[in-house]
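Let me begin by presenting the structure, written as structure tokens, before commenting on it.
Only heavy atoms go into these numbers, but all of them, side chains included; no hydrogens, no water, no symmetry mates. Just so it is clear, the model here is predicted, and its values are computed rather than measured.
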Amino acid sequence: MLEPDPLMLKHFQGFNEWGRIIADTRVATHRLDDIVEIDAMDYLKVDVQGSELAIFQNGRRRLADAVVVQSEVSFLPLYKKQPVFGEIDLELRAQGFIPHALIEINERMIWPMRGGSPFEAFNQLLEADAVYVRDFTKADAMSAEQLKHLALVAHHCYGSYDLAAICIQHLLNRDAIVAHAGSSYFELAAAHRSGAKLAKKKAS
């Protein structure tokens with residue numbers, strides 16, 4: 001949706017070619033809040049080449065009940081007028097989310113240095129997927145359903161057993177789940193963690 005910025009792209013091997021404009025066209029878009037097919041939203045994953053902030057700003061009603069947002073964020077603007085990580089961070093924090101994890105971190109080598117592959121890098125950050133979660137430190141502002149959904153996404157999508165556990169603790173405090181759920185989950189999480197450590201040890 002945004003025009004590539006050749007002044008930025010020229011600093012990274014291959015990017016000017018990848019960002020070359022072949023043609024442009026008009027497309028119809030809709031605000032996230034105006035998409036009537038969405039009844040409810042727990043989890044939103046976004047990768048839209050620079051338009052993430054506009055989606056969040058025009059989806060505040062839909063996102064009001066969401067518990068997780070995974071968004072591509074750029075540390076350098078590869079497109080003209082592209083909002084960068086700090087702007088997205090401020091918007092999501094204003095909507096009640098906090099950063100939880102950075103995954104799929106994309107780094108590149110700065111020209112004039114060149115690698116055997118354009119994907120080689122030293123330290124320069126370009127992009128990452130940032131995972132934001134509903135602020136678990138303010139659990140009183142969350143419904144029991146939100147806590148349940150956050151626990152499910154944290155466990156199954158990210159292996160964030162500690163985040164799932166605190167949600168379960170809050171649910172126990174509200175008598176919203178059975179009493180033995182806490183001990184059962186801690187046993188389950190410990191087994192997952194042990195398995196992950198064993199797999200990592202074998203890989204090394």
Heavy-atom side-chain contact between [X] and [Y] under 4.5 Å:
X: His170; Y: Ile166; result: yes
X: Phe56; Y: Leu32; result: no
X: Asp42; Y: Val153; result: no
X: Met109; Y: Phe122; result: yes
X: Leu163; Y: Tyr158; result: no
X: Leu171; Y: Lys148; result: yes
X: Asn58; Y: Asp33; result: no
X: Asp129; Y: Lys45; result: yes

Rounded at 0.5 Å granularity, tell me how far [atom1] in [X] sits from [atom2] in [Y].
X: Gln95; Y: Asp135; atom1: CD; atom2: CG; answer: 13.5 Å
X: Tyr132; Y: Leu63; atom1: OH; atom2: CG; answer: 13.5 Å
X: His180; Y: Glu187; atom1: NE2; atom2: CD; answer: 11.0 Å
X: Ile105; Y: Glu127; atom1: CD1; atom2: CD; answer: 12.0 Å
X: Glu72; Y: Ser51; atom1: CD; atom2: OG; answer: 11.0 Å
X: Cys167; Y: His155; atom1: SG; atom2: NE2; answer: 12.5 Å

Please indicate whether Arg61 has more than 12 foreign heavy atoms, meaning atoms of other residues, nucleotides or ligands, lying under 6.0 Å from its CZ.
yes
Got a sec: does the CG of Asn173 have more than 12 other heavy atoms crowding it under 6.0 Å?
yes
Of all the heavy-atom pairs spanning [X] and [Y], show the shortest one and how long it is.
X: Pro118; Y: Arg108; answer: O-CD, 3.1 Å
X: Ala144; Y: Ala176; answer: CB-CB, 4.2 Å
X: Gln82; Y: Ser74; answer: NE2-OG, 2.8 Å
X: Ser71; Y: Glu52; answer: OG-CG, 3.3 Å
X: Met142; Y: Leu147; answer: CE-CD2, 3.7 Å

Single-linkage hydrophobic cluster [X]~[Y], side-chain heavy atoms < 4.5 angstrom:
X: Val46; Y: Leu90; result: no
X: Leu44; Y: Phe97; result: yes
X: Tyr161; Y: Tyr43; result: yes
X: Trp111; Y: Phe75; result: no
X: Ile55; Y: Val68; result: no

With sequence neighbours excluded, give me every salt bridge (Lys or Arg N to Asp or Glu O under 4.0 Å) pair touching residues 78-107.
Glu3-Lys80, Arg60-Glu91, Asp89-Arg93
Could you identify which residues cluster with Trp18, counting Ile, Leu, Val, Met, Phe, Trp and Tyr as linked when any side-chain heavy atoms lie under 4.5 Å apart, either directly or through a chain of such contacts?
Leu2, Met8, Leu9, Phe12, Phe15, Leu76, Leu78, Tyr79, Ile110, Phe119, Leu126
